[in-house]
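Since the structure comes first, as C-alpha cells, the remarks are kept for the end.
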Amino acid sequence: MTDHRNTSTPIDPVKLDRLAEVAVKVGLGLRPGQDLLLTAPAIALPLVRRIAVHAYKAGAGIVTPILSDEEMTLARYRYGHDSSFDRAAGWLYEGMAKAFSDNTARLAIVGDNPMLLSGEDASKVARASKANSMAYQPALEKIVNFDTNWNIIAYPSASWAKQVFPDDPEEVAVGKLADAIFAASRVDREDATANWASHNAVLRERTNWLNGQRFRALQYSGPGTDLTIGLADGHEWEGGASLSKNGISCNANIPTEEVFTTPHCRRVYGHVVSSKPLSYQGTLIDNIAVRFEDGKIVDAKASRGAEVLSKVLDTDEGARRLGEVALVPHSSPISQSGLLFYNTLFDENAASHIALGQCYSKCFINGAQLTPQQIAAQGGNQSLIHIDWMIGSAETDIDGILADGSKVPVFRKGEWAK
C-alpha cells in the first residue's frame, strides 16, 4: 500500500487518518460483519480511502462508496432537459433504504462548494431539490428514525475552502479549512477517541439534567426575539452519542456541540431572528425574521435570499413548522473560531438553533415503539425538509417552563445557566 503520509499536501495526513478512524470507531461504532454505504464528493477520495482502511480493519463486510462531482452537477443545470429537474433517482434511494433495513451503516462526507449552484436557475434548483427530497424519503426515514448507525463528517475541498477563506491562495485556504475541521472534529490531538468519550459524557450530563426537568416549553429572549417553543409530549433530549435501533451507539454528527429534542409543532408562538446566515443550496439567506402562531410561521422575511426562503417554506405543510430545537453555548469551539463555514454541519454547532421540517422520532420516550401517527399526535412534525438555522447569540436568554408555569434558567447571555 502506498504511504499516505504525503507531506506535500496542505492537509495534514496524520490528522486526516485520525478523522477517518474516529468516523469509523466513534461516529459509526461499526461492528464486525456490518456493511457500510458511503457517499462523498470525488475530491474527498483521500479520506474515503482511509475510511475504507479503518472500516475493513474494524471488520466491515463490504464498503460501498458512491461519489459525486461538482462539474457533473453543473453539467445537469447547464445542459439538462427542463423536464429532468422534476425527477430524481428514486431507485437509488429505495436501494439505500433496503440496505439500511438490512443493517448497513451509513456514512456521508460533505465537502462540495456550498455556493456551487448560486449562479444557476433558482427555479431549477428548487424543483430538483423537491424531487430529490421526495425520492429520498424511504432512505431518510431510516436515518432520522435511527434504524441504523450513521455519521456525517467533512473534507476540506478547495472550492469550499475558497468560500470560507476567499482572500487566501487556494493552498493556504485548504490548509486553514483542514485545520478548522480537524479542531472542530476533535482530531487535532493524539487522544482523539478518549477526547470524544469525555465530550460525550459532558453532553450526556446536559441531556440528563434537561430530561429530569421535564420542561413544557422553552422561552427565548434577546434582540429581536421573544419566542416560546412548546416541547412535544413525551419528548426526550439527545446529545452526543445516540443508540440506534440496531443496538449500536453512534455519533451521527462530527463535529457536534448540541443537545436537542423535538418541539411541539402546534405550540410555538412569538417572533425570532437569525443570529447567523443560513447557506442553503447556493443561496445565503441572511437576517431571517419569522413570526409563529399556533406553531406555524405566518410571516417570514430575510434581507437576502428571501425568495429562496419563501420557496422552502412552501415545500409542504410541515415546512412552516419546527422539527427540532437545539441548545449550543456561545462559547462552543466553532463559535469561538469566528468562522462562517457555509455548511450546516459546522454552523449549527456555533449557536443554539431550530430546524424547520421533519422531527426525529428518536427524541421521544420509547420513540422506537411509536408509530408515525402517535408521534404526530404527541406534537412531532412531518415534512420533506429538515433545515437548521441559528438563533442563539451571546445575548440570548432561555428559560425552561415547567408544567406549573414556573421558570427555570437554562441559558443566560448565551451560556448554560447551570
Side-chain angles (χ1 to χ4, degrees), residues 122-123 125-127 129-130 133-134 144 215-233 235 260-281 283-327 344 347-348 351-360 363 372 375-393 395-401 405 407:
S123 175
V125 173
R127 287 162 57 199
S129 175
K130 185 170 184 177
S133 294
M134 293 175 67
V144 299
F215 291 128
R216 179 170 54 85
L218 296 177
Q219 188 173 56
Y220 293 69
S221 59
T225 294
D226 183 2
L227 181 70
T228 299
I229 299 178
L231 301 180
D233 300 335
H235 70 275
F260 59 97
T261 195
T262 296
H264 197 297
C265 68
R266 297 180 292 279
R267 299 177 188 164
V268 184
Y269 304 90
H271 55 89
V272 64
V273 297
S274 61
S275 56
K276 295 178 183 293
L278 166 64
S279 178
Y280 181 72
Q281 296 187 342
T283 297
L284 205 62
I285 308 175
D286 205 359
N287 296 314
I288 300 170
V290 302
R291 181 168 60 87
F292 288 88
E293 290 182 3
D294 297 323
K296 185 177 182 179
I297 293 176
V298 295
D299 186 42
K301 300 174 183 177
S303 64
R304 176 167 45 170
E307 182 180 353
V308 173
L309 176 62
S310 179
K311 288 182 183 294
V312 166
L313 295 176
D314 289 339
T315 301
D316 55 26
E317 172 61 26
R320 289 179 176 268
R321 300 181 185 272
L322 298 185
E324 179 191 346
V325 56
L327 303 178
T344 301
D347 291 334
E348 72 170 3
S352 291
H353 54 274
I354 51 180
L356 303 171
Q358 180 66 40
C359 75
Y360 292 116
C363 293
I375 289 172
Q378 292 180 208
N381 194 35
Q382 295 178 327
S383 176
L384 292 172
I385 67 168
H386 181 95
I387 301 173
D388 300 88
W389 52 286
M390 285 55 73
I391 63 172
S393 73
E395 299 175 89
T396 302
D397 289 344
I398 305 173
D399 287 304
I401 302 177
K407 297 180 180 180

To the nearest 0.5 Å, tell me how far [X] [atom1] sits from [Y] [atom2].
X    : Y    : atom1 : atom2 : answer
T262 : H235 : OG1   : NE2   : 9.0 Å
I387 : T344 : CD1   : OG1   : 8.5 Å
F260 : D388 : CZ    : CG    : 10.0 Å
L356 : I288 : CG    : CD1   : 8.0 Å
L227 : Y269 : CG    : OH    : 11.5 Å
H353 : K276 : NE2   : NZ    : 12.5 Å

At their closest point, which heavy atom of [X] faces which heavy atom of [Y], and how far apart are they?
X    : Y    : value
G230 : A217 : CA-CB, 3.8 Å
S274 : W389 : CB-CE3, 3.7 Å
D316 : L384 : OD2-N, 2.8 Å
S275 : S393 : CB-CB, 4.3 Å
I229 : P263 : CG2-CB, 3.6 Å
Q358 : V144 : CG-CG2, 4.4 Å

Is the shortest side-chain heavy-atom distance between [X] and [Y] below 4.5 Å?
X    : Y    : answer
I398 : L327 : yes
Y220 : D397 : no
N381 : L322 : no
S279 : L284 : yes
V268 : R321 : no
F292 : V272 : yes
Q219 : T228 : yes
C359 : I375 : yes

Is the side chain of Q378 donor-acceptor paired with the backbone N or O of D233 at a distance under 3.5 Å, no angle test?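 Answer holds: yes.
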Backbone N/O of I285 and side chain of T283: donor-acceptor pair under 3.5 Å: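 Not confirmed, T283 side chain does not pair with I285 backbone.
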Side-chain donor/acceptor pairs under 3.5 Å, residues 295-314, sequence neighbours excluded:
unit_1: S303; atom_1: OG; unit_2: D286; atom_2: O; d: 3.3
unit_1: S303; atom_1: OG; unit_2: N287; atom_2: ND2; d: 2.7
unit_1: D314; atom_1: OD1; unit_2: R320; atom_2: NH2; d: 3.1

Please assess I391 against T225 for the test side chain to side chain contact (heavy atoms under 4.5 Å, CB included), listing each intermediate value before the final yes or no. CA-CA 9 Å; I391 63 172; T225 294; 5.8 Å; no
Would you please name every residue forming a side-chain hydrogen bond (donor to acceptor under 3.5 Å, both in side chains) with S129, sequence neighbours left out?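 So S129 forms a side-chain hydrogen bond (donor to acceptor under 3.5 Å, both in side chains) with Q281.
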